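Counting from 1, the numbers follow the sequence of the chain as shown. All values below come from the heavy atoms of this structure, side chains included, with hydrogens, waters and symmetry mates left out. Predicted model, so just to flag it, every value in this text is computed and none were measured.
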Amino acid sequence: MRALKRVEGINVVPLIDVVLVLLAIVLTISTFVASGAIKLDLPKAASAIQTPPQKIEIAINENGSLFWNGKEMSKEELNIHITALTIDSSVSILGDKKAFFNDFIFILDQLKRQKIEKISIVTKRDV
């Protein structure tokens, strides 16, 4: 009869693998959850002026023409209007499905340079 081999330690390699997978999952999820904003309770002032954020529509038609709130303009004119926007401005982009992707990227690039985060892309619901 053969004697059983004596166990002199615990194999921790599988445990390390499980812990590393759990760590990777936690780190991945935490990047989506983090808001990155500092929560402040700002003091109130009677003389404070509430400025409403601007709502802007930029449209691109199938010919590549650019429109600022319905008014046609060149890329240079559009760039001048975008540089005048504030960070709180809200911009909606309307693009024809046959429009060039390059024009769409130009608009997004100019908005990101101004650090504008409130960008919406307008689409039509497919019924």
Side-chain angles (χ1 to χ4, degrees):
M1 191 153 148
R2 214 192 253 182
L4 293 176
K5 190 174 183 182
R6 184 174 220 196
V7 178
E8 296 192 16
I10 298 174
N11 189 2
V12 294
V13 174
L15 179 64
I16 292 172
D17 290 341
V18 170
V19 170
L20 287 176
V21 168
L22 290 174
L23 180 66
I25 291 170
V26 167
L27 290 176
T28 304
I29 292 172
S30 68
T31 58
F32 294 119
V33 174
S35 64
I38 300 172
K39 299 199 188 272
L40 297 175
D41 186 18
L42 297 175
K44 308 246 186 287
S47 63
I49 299 172
Q50 182 77 15
T51 57
Q54 298 176 348
K55 293 196 176 193
I56 306 298
E57 284 188 357
I58 301 174
I60 313 165
N61 69 5
E62 63 182 13
N63 300 329
S65 299
L66 302 172
F67 298 88
W68 177 274
N69 285 339
K71 180 184 171 196
E72 186 174 359
M73 56 184 55
S74 67
K75 284 187 176 183
E76 293 78 23
E77 292 172 320
L78 184 71
N79 193 17
I80 291 170
H81 280 80
I82 290 174
T83 54
L85 295 177
T86 63
I87 293 176
D88 294 331
S89 299
S90 176
V91 178
S92 298
I93 302 174
L94 298 89
D96 190 276
K97 64 181 176 182
K98 295 180 183 176
F100 293 113
F101 190 63
N102 191 31
D103 296 328
F104 181 76
I105 296 299
F106 167 78
I107 293 170
L108 284 179
D109 187 42
Q110 298 307 315
L111 292 171
K112 289 295 183 178
R113 283 186 183 179
Q114 289 302 113
K115 305 211 182 328
I116 297 172
E117 297 289 329
K118 297 177 186 174
I119 301 170
S120 60
I121 300 169
V122 180
T123 60
K124 186 168 62 170
R125 175 174 273 187
D126 190 14
V127 184

A.B. asks: Taking C-beta and beyond as the side chain, do Asp103 and Lys75 meet within less than 4.5 Å on heavy atoms?
C.D. replies: yes

A.B. asks: Heavy-atom distance under 4.5 Å between the side chains of Phe104 and Ile121, does that happen here?
C.D. replies: yes

A.B. asks: Side chains of Asn61 and Leu66: closer than 4.5 Å at any heavy-atom pair?
C.D. replies: no

A.B. asks: Before giving the answer on side chain to side chain contact (heavy atoms under 4.5 Å, CB included), spell out for Phe67 and Leu94 the whole-Å C-alpha distance, their side-chain angles and the decisive distance to 0.1 Å.
C.D. replies: CA-CA 9 Å; Phe67 298 88; Leu94 298 89; over 6 Å; no

A.B. asks: Can you check whether Leu111's main-chain N or O pairs, donor with acceptor, with Gln114's side chain at less than 3.5 Å?
C.D. replies: no

A.B. asks: For the atom pair NE2 (His81) and CD (Glu76), what is the distance rounded to the nearest 0.5 Å?
C.D. replies: 13.0 Å

A.B. asks: Test side chain to side chain contact (heavy atoms under 4.5 Å, CB included) on Leu108 and Ile93 and set out the steps.
C.D. replies: CA-CA 9 Å; Leu108 284 179; Ile93 302 174; 3.6 Å; yes

A.B. asks: Look only at the side chain of Asp96 and the backbone of Lys98, and say whether a donor-acceptor pair between them is shorter than 3.5 Å.
C.D. replies: yes

A.B. asks: Please tell me if the side chains of Ile60 and Phe100 come closer than 4.5 Å, counting only heavy atoms from C-beta onward.
C.D. replies: no

A.B. asks: Can you tell me how far the CG atom of Leu23 sits from the OG1 atom of Thr28, to the nearest 0.5 Å?
C.D. replies: 9.0 Å

A.B. asks: What are the two closest non-hydrogen atoms of Lys118 and Ser89, and how far apart are they?
C.D. replies: CB-O, 3.6 Å

A.B. asks: Does any part of the side chain of Lys112, heavy atoms only, come nearer than 4.5 Å to the side chain of Glu117, both counted from C-beta?
C.D. replies: yes

A.B. asks: To the nearest 0.5 Å, how far apart are CG in Asn69 and CD1 in Ile56?
C.D. replies: 5.0 Å

A.B. asks: If I take atom CD1 from residue Ile116 and atom CD1 from residue Ile82, how far apart are they, to the nearest 0.5 angstrom?
C.D. replies: 7.0 Å

A.B. asks: Taking atom CD of Gln110 and atom CD1 of Ile105, what is their separation to the nearest 0.5 Å?
C.D. replies: 11.5 Å

A.B. asks: Is there a path of hydrophobic side-chain contacts, each under 4.5 Å between heavy atoms, that joins Ile58 and Phe101?
C.D. replies: yes

A.B. asks: Evaluate Val91 against Leu85 for side chain to side chain contact (heavy atoms under 4.5 Å, CB included), listing each step before the verdict.
C.D. replies: CA-CA 10 Å; Val91 178; Leu85 295 177; 4.0 Å; yes

A.B. asks: With a 4.5 Å heavy-atom cut-off, do Asp17 and Val21 have their side chains touching?
C.D. replies: no

A.B. asks: Quick check: does any side chain N or O of Thr83 sit under 3.5 Å from a backbone N or O of Asn79, one acting as donor and the other as acceptor?
C.D. replies: yes

